[in-house]
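Below: the structure, in structure tokens.
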Amino acid sequence: GEPKQGGVLRMYHRDSPANASILEGATYSVNVPFMGVFNNLVIYDQHIAQNSPDTLRPELAESWSWGNDNKKLTFKLRQGVKWHDGKPFTSADVKCTFDLLMGKSQQKLRQNPRKAWYSEVNEITTSGDFEVSFDLKRPQPSLLAMLASGYTPIYPCHVSPADMRTHPIGTGPFKFVEFKANESIKLTRNPDYWKKGLPHLDGIEYTIITNRSTAILAFVAGKFDMTFPTHITIPLLKDIKSQAPNATCVVEPTNVSTNIIVNSASAPFDNIDIRRAVALALDRKAFVDILFEGQADIGGTMLPPPQGIWGMPKDKLETITGYGPNVNANREEARKLMQKAGYGPDKHLAVKVSTRNIAEYRDPAVILIDQLKSIYIDGELDVVETANWFPKVARKDYMLGLNLTGNSVDDPDQSFYENYSCGSERNYTNYCNKEIEKLFDVQSQQIDVAKRKELVWDIDKKLQEDVARPIIFHARAGSCWQPYVKGVTIMSNSSYNGFRYEDLWLDK
Amino acid sequence: MSEVLLEVTDLRKYYPVRAGVLRRQVGTVHSVDGVSFSVGAGETLGLVGESGCGKSTVARSVLRLVEPTSGRIRLDGEDITHLSKTALRPHRRSMQIVFQDPFASLNPRMTAGDIVGEPLLVHGLASGKDLEARVAKLFEQVGLRSDQMRNFPHQFSGGQRQRICIARALALEPRLIVCDEPVSALDVSIQAQVINLLIDLQREHGFSYLFIAHDLAVVAHISHRVAVMYLGRIVEIADKDELFRDPRHPYTQALLASVPIANPLAKKLAPLVDGDVPSPVNPPPGCAFHTRCRFAMDRCKTERPVLMDAGDGHQVACLLNEGTGRSQLAPTT
Amino acid sequence: MAAIDFDVELRRAGAHATGGWRRVLFLAQRHVLGAAGLVIMALFVLTAIFADVIARYDPLTIDSTRALARPSLAHWMGTDSFGRDVFSRIIHGARISLAVGIGSTALGGTIGVIVGLTSGYLSGWVDLVFQRVSDVLQALPLLVLALVMTAALGPSLPNVIIAIAIPLIPTVARVIRANTLALRELPFIEAAKSIGMSEVRIALRHVLPNTLAPLIVLATAQLGSTILTEASLSFLGLGIPEPYPSWGRMLSESAAEYVRTAPWLVIFPGIAISLAVFGANLFGDALRDILDPRQRG
Amino acid sequence: MADKSDLVLDVKNLKTVFFTNSGLFKAVDDLSFTVKRGETLAIVGESGCGKSVTALSLMRLVPDPPGRIVGGSISLEGTDLLALNEAEMRAVRGNRISMIFQEPMTSLNPVMRIGDQIVEAVRLHRNIPAKEARNIAVEMLRLVRIPEPARRAKEYPHQLSGGMRQRAMIAMALACRPALLIADEPTTALDVTIQAQILALILDLQKELGTGLVLITHDLGVVAQTAQRVIVMYAGRKVEEASVEALFAAPKHPYTRGLMASIPAVPVPGIAAPARLNEIPGTVPSLVRLPKGCAFAPRCKLAIKRCEAEYPPLADWGSGHLAACWRAEEVAEVA
Amino acid sequence: MFAYLVRRLFLMLVTLFGISIVIFLLLRIVPGNIVDILFAAAGYVDPADKANLEKELGIDQPLIVQYWHWISGFLRGDFGYSYVSEKPALQEILPRIPITARLAGLALLFSASIGIPLGVISAVKQGTRLDYALRVVSLSGLSLPSFWLGLLILTASVAMFGQMPIFNPNPQTWLEAFTTYAVPAAAVGFRSAALTMRITRSSMLEVLRQDYIRTARAKGASDAAVNYRHALKNAILPVITVIGIEAAFLIGGLIVTETVFNIPGVARFLVEAIRWRDYPIVQNLVMLIAVVVVSANFIVDMLYAVFDPRIRYTD
Ligand SMILES: Nc1ncnc2c1ncn2[C@@H]1O[C@H](COP(=O)(O)OP(=O)(O)OP(=O)(O)O)[C@@H](O)[C@H]1O
Ligand SMILES: Nc1ncnc2c1ncn2[C@@H]1O[C@H](COP(=O)(O)OP(=O)(O)OP(=O)(O)O)[C@@H](O)[C@H]1O
Ligand SMILES: [Mg+2]
Ligand SMILES: [Mg+2]
């Protein structure tokens, strides 16, 4: 029916984000509650589950155009938009935002996790208050995808990054009210929102509940209108469905891949045979069965189709070593490789499997250890506290690691450069292949989507065969809401981009 | 008496009473306040007095289990008052102590044999088979069976436990044994056994005893001489027979009169003193007994009488005994 | 006033149970609860020792085909989300939980005894320092201390044991110190002094053995609480790491998510913890009654 | 035997047992005795022979568990105390029958003022206003010769010396003028000079109030100086009973005999004390493992086969002198 | 008495000083700091950014300087700023205190109002079935992990009533306000009630063995008078001490309970702050807790003096 106006949406939040600044954040714990405070230049259509170049919509930009051999991207900006504190929004704000992201401004972000996204941007120029252009070093069609991410809100010039962490000011449908660490986050309707008639909600209240069982109990007991998006594991989904049969639940990929990082810098994994053997030993289906009751995806670096746009088709995937359906044959081969490296039934290889002390990391690591037993590897779990995980990885103080890689947009540039280019901070394994690196650039500049896909598949296959960072699976997760909550769309190939919530409404 | 074994001169032991943040001393317990006496070889000196008058403190000081505040203790002519722990060790062999509560005096987790053998072990006098043999002999001496060596203290009766204590004291073949109320905790029928044992051992080995008790009859039975203490001081000291025949100090008289005689035909109880013993923290000035004394004069409140000879080695600290050397007071009754 | 058949009563009251097994049996009758506690503890210890024999499955082997099976004849306590047999994990968990309980109690107890004995026996400034340190440790919430310790040391079996043992030290030391102070006044210590024994020897030979009884009582009581502390730590994600099946780990936050879909995952480890702690407490109680001379009768 | 109406207390075949960790035993076994108005009955015996348990049994205060009265009757002024229910017994306790305990140091409630504790005793049995009870309390304190009774009434027990505490206990016990007073070793913890004061006080007050007195002690001297009649207990049983003169003149039980001989006497000038004391060999038996026959037999010089097999009954050896010994007649000669 | 007070206060300060050093050092021993954690989500740590941030927060300074900054601030009541939220630490801590205080207070109230009477009953009826039953119940109270109990309570209440007592900062009805606190307080309180009961029982047994209890009975006092007027008055002191000490342990129980029931109190906040290495929060909060615990013990000691005329504090 017609959307109804009013009502406060009650949700729980899975944990307490460090602060409210999306630009400094790198977890959807920040995006979910604060995306509604802001607008982007462009955004993925909030009602289409699959983000793709076709679903890009203008937001603060009214339109965009490519020029200068696809090396210049110009946005025409919306007029009459006001920041929550009443100041007018202009092109200067856009320039400020990206200068901040590129590290060019006076003010600095405390941390800037996505600086690399703008490595091909020369400079931002404004022309008048309502036009702004990105000058690129080379064509990069993916730039738009990154600008459309929930991670790329436009910040005001007149508020310091520090204030944005504690009291964010945006142009979006909801105004920030308060954030009590470990307790709650409150947003209220922006009555002056430039989209007339929106948002429908009077506000959103997040109660922070870190204990998942408590959170779900509370949802079932009707304390919340909606769960935290993609927070429900598959086994728990059944529970919710049986306890609250009226609730609407969907399961979608999160575009987070679970993968193995291998320390190839030192023994024993400096031996490619052993690395291959590990890749061959994986029974990906078993992971998916145990952790997701079959409901997760097997693929390469890119999220597999149909939800993923760039993932390899199944037939191509299965040509990759280790992805074949016959696990036993694979393991047989793996054992041969191990024996070649000098291990066997009498001489096991003792390995520490490091991972973070979070269930999403720990559980697959436990399975991994179990599976490695089949190829003469005795794994021991080494759980590492959050604070020590990346320093440890950076020090190369591990043998095998179990890692999760979240992809904020379903886009090869984001994924390849971040994780596999030589010298990238998040290329934990220091995998470096100059040839592939060249291929990254080739695909990045390819405007034709179909052709680009072919390139991407080849790269992806090669990455897997190099055992750069063996991908185990792409997770899926459930989200649920009460039947009277209308207008929710859970993105199917990203978990960072779909929380504007401006046209959610409550049918009460 | 023959040669003097133990000589205590003007012994004092004060305990500080502390209070406050800095645990400043706010008072002094005059536990022992100038005590002098001597014990001859083979002699038993009895020490009686009310509870808290400082008898145990004297005993402990003599053995240097507490450090005396002042005074001098000479054992066999040698001054041991200020000897260091190591220098004292050889002298420890010459004097031993037996305590009132035999059960508390025995480590409940050691066998009787180990307890008795321990002094020999510590002083390196015996070990192995030899030790066992000597312990067995000690057991025999005090009237215990040597097969009881492996038993634990709780498996013995009170009297037997006190025998173990005595055996332990005998192990080092001391010359002086200090007995701090060794029979007070025992049953009357057992008490006699222990007293007899002590007497027998003295006859055999010629020990000296400093024998402390609050029971006048027991003290009288075992001692050659008796000293009477009141509030940290010796008020009278004399040969046993002399003391009982002719008690000079009003306190001694009261003490004697208060002992109930086990004979229904004998005189009835007649308490000679009133009131309670004053606190040793603030002992009364002058004669400490004047608060309860029937004969107290004004002088008693200010003047402190010293022990004075009243003939025949009979010494009394009472102003009434001045000059004459003889008490003018015949004990009533 | 019921008439009493003396012979029957005498036998029932164990008048003839003077030594050895008879006496043990007699005490067991008198302290039924304590005997029950002892039996529970013994069962757990045996379970831990013979875990390999008792457990019907490997506690670590993952089997996707039988995940989250309800309790059945094949899996008495069902399986967890990895398809691991819960019963086997609890059996093996006894090993780890008891290792933590006994290990940290022993460690904390030993250090506590040394500290308590030293400070009680030496008094003076050693004692003063100890008292202040133990004040400090006791004013910090125990779990917070353990939390910070495991965070500092990293979660592993020995580290968890250490983290739990440290807060235990002042508790033990206080008891031992108080006992030492009391013992120091006893005549048998004076007797030892009077034969010329050195202080150290007196402390070790006379004082120490006599603090054993209160120590044992304290230790059994603490055993239970250390097991609980480990469980709390694991619940907060800081206890023994996966895949080792410590009971606390089995009950941890992620397992708790199954409280309604697979309650056996939550119920059985909880029962195991409670039962073990209960057993230790029952036994400790009875022990206190038996060892406390004043309670005789 | 005296006129029935004259009897304050008549105990018959009292039996009290204990169930303990080390076993069950009879702490008091088949004990019978009587107390007349104004009479002092002494109970003597060694530590652990059941004197205190007897006293507690009379008050029906045996700690249960582990103890229990399992037989006999206790008749106080004609009422059988064992037949009363607890509420009725409470009305008797502290009112008709009172008790003074062994330990004056611990027998007073440390957190209550002395006066209040006496007031409580009075008001439990007499329905009078607090003020009046307070006056009685001060009066009682004066009666037991506590100086400045009004001030002392407001003090706590720890502020009093041992002798004064025992006086306060006596004041409390006599506050309701009971028919029977039980004094369980009232002076053992005190010094001889204080002991003499307290004993004299108790006897004075007893005379004044006509109370029957059961005086428990292990000190034969005290017995000789205070009692009219004496009961000697050994291992839970009465082994001898006689008037004080008869007992001291000619004990009929070897144990009594031995006891008297083993106590050192204050030397009487002129009479040389015996060098050695007479001792009773052996040790007091544990109540848990009593021999089948006479409990004293293992220590007795006169013991014969029969003693080990059969417990000798209490027999009257003339003018109410009872003794439980097969060879009572020979006792005087042998010792 | 006054001297004793001063001495106790002095010792309290020494203890608090020790605690401040211990917690300060412990936190620095724990590997990783706020910067590592803030950057963790980004998946990498930029050394330059890290250095900048450490400088900004002052954690690059020598320990002595850091300690001095903190402790002098603490004494002035200036708690600094939370590293995470960048708000004044005091402002973060203060609003949470009443929540935990209410919870703890209620738990202690449960503990005392259930534990003491049951302990008395159990002691008075020593050896009876009732005593056995009460002892078993109290031991099980000590044996159940409180988070487990909490979880079962939550699950059961959803299953049975379709409702759960989850924390609500602005309760609408009286009932809601009550359940908000009462249910979790009961979950923690069960344990401490059990403990209180045990202490009461053994303390009562100890007192009931005393001679003066026998004296009271010999006066003809009724059981109730003996048990309450004479015994409990003497037995209550150790119980008070234990309840005082229990205050410190309660925090531990509250951590898990606040987690399970999702109560935004200081206990859970503390754990979160430790996880984040939010030094200003952890240090100041631990100090506040320590002040409360130490004062509780102090007050207990004072109560001792009030209740027990024998204690004159001369030593
Ligand atoms: N360590 C000590 N500190 C302080 N005061 C002490 C100490 N030892 C003894 N006193 C005091 O010294 C006085 C004498 O004590 P002592 O034990 O010598 O008396 P006693 O005559 O042996 O008494 P009892 O007959 O009770 O054994 C008492 O008032 C006692 O309180
Ligand atoms: N509460 C109790 N529990 C167990 N046994 C007890 C209890 N009270 C007394 N007994 C035992 O009962 C027996 C008689 O004790 P009772 O106290 O009557 O002796 P007593 O003659 O008064 O000795 P004493 O002269 O030492 O006071 C003893 O063996 C004692 O151990
Ligand atoms: Mg003494
Ligand atoms: Mg007695």
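Note on naming: letters A, B, ... go to the chains in the order of the sequence lines (proteins, then strands), and numbering restarts at 1 for each one. In this text the structure is predicted, and so the values were computed from the model without any measurement.
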Counting distance only, does the side-chain N/O of [X] pair as donor-acceptor with the main-chain N or O of [Y] below 3.5 Å?
| X | Y | result |
| --- | --- | --- |
| His230(E) | Met112(D) | no |
| Lys219(E) | Ile118(D) | no |
| Ser107(D) | Tyr212(E) | no |

Which atoms of Leu124(D) approach chain E - backbone, side chain, both or neither, heavy atom under 4.5 Å: side chain
Under 4.5 Å from any heavy atom of chain E - which part of Met172(D): side chain
Non-hydrogen side-chain atoms of Gln117(D) and Thr215(E) separated by less than 4.5 Å: no
Side-chain touch Arg229(E)/Glu120(D), heavy atoms, less than 4.5 angstrom: yes
Leading residue by heavy atom contact count with chain D [cutoff under 4.5 Å; candidates Ala216(E), Gly220(E), Ser222(E), Ala221(E)]: Gly220(E)
Proximal to chain E - members of residues 94-102 of chain D, heavy-atom separation under 4.5 Å: Gly94(D), Ile97(D), Phe101(D)
Contact residues of residues 134-142 of chain E (partner chain D; heavy-atom separation under 4.5 angstrom): none
Arg177(D) CZ: over 12 foreign heavy atoms closer than 6.0 Å: no
From Gln210(E) atom CD to Thr106(D) atom OG1, the distance as rounded to the nearest 0.5 Å: 7.0 Å
Straight-line distance of Lys233(E) NZ to Asn109(D) CG, nearest 0.5 Å: 7.5 Å
Heavy-atom pairs under 4.5 Å with chain E, option from Glu86(D), Met169(D), Glu103(D), His125(D) with the top count: His125(D)
Non-hydrogen atoms of Arg214(E) and Leu61(D) that approach each other most closely: O-CD1, 3.9 Å
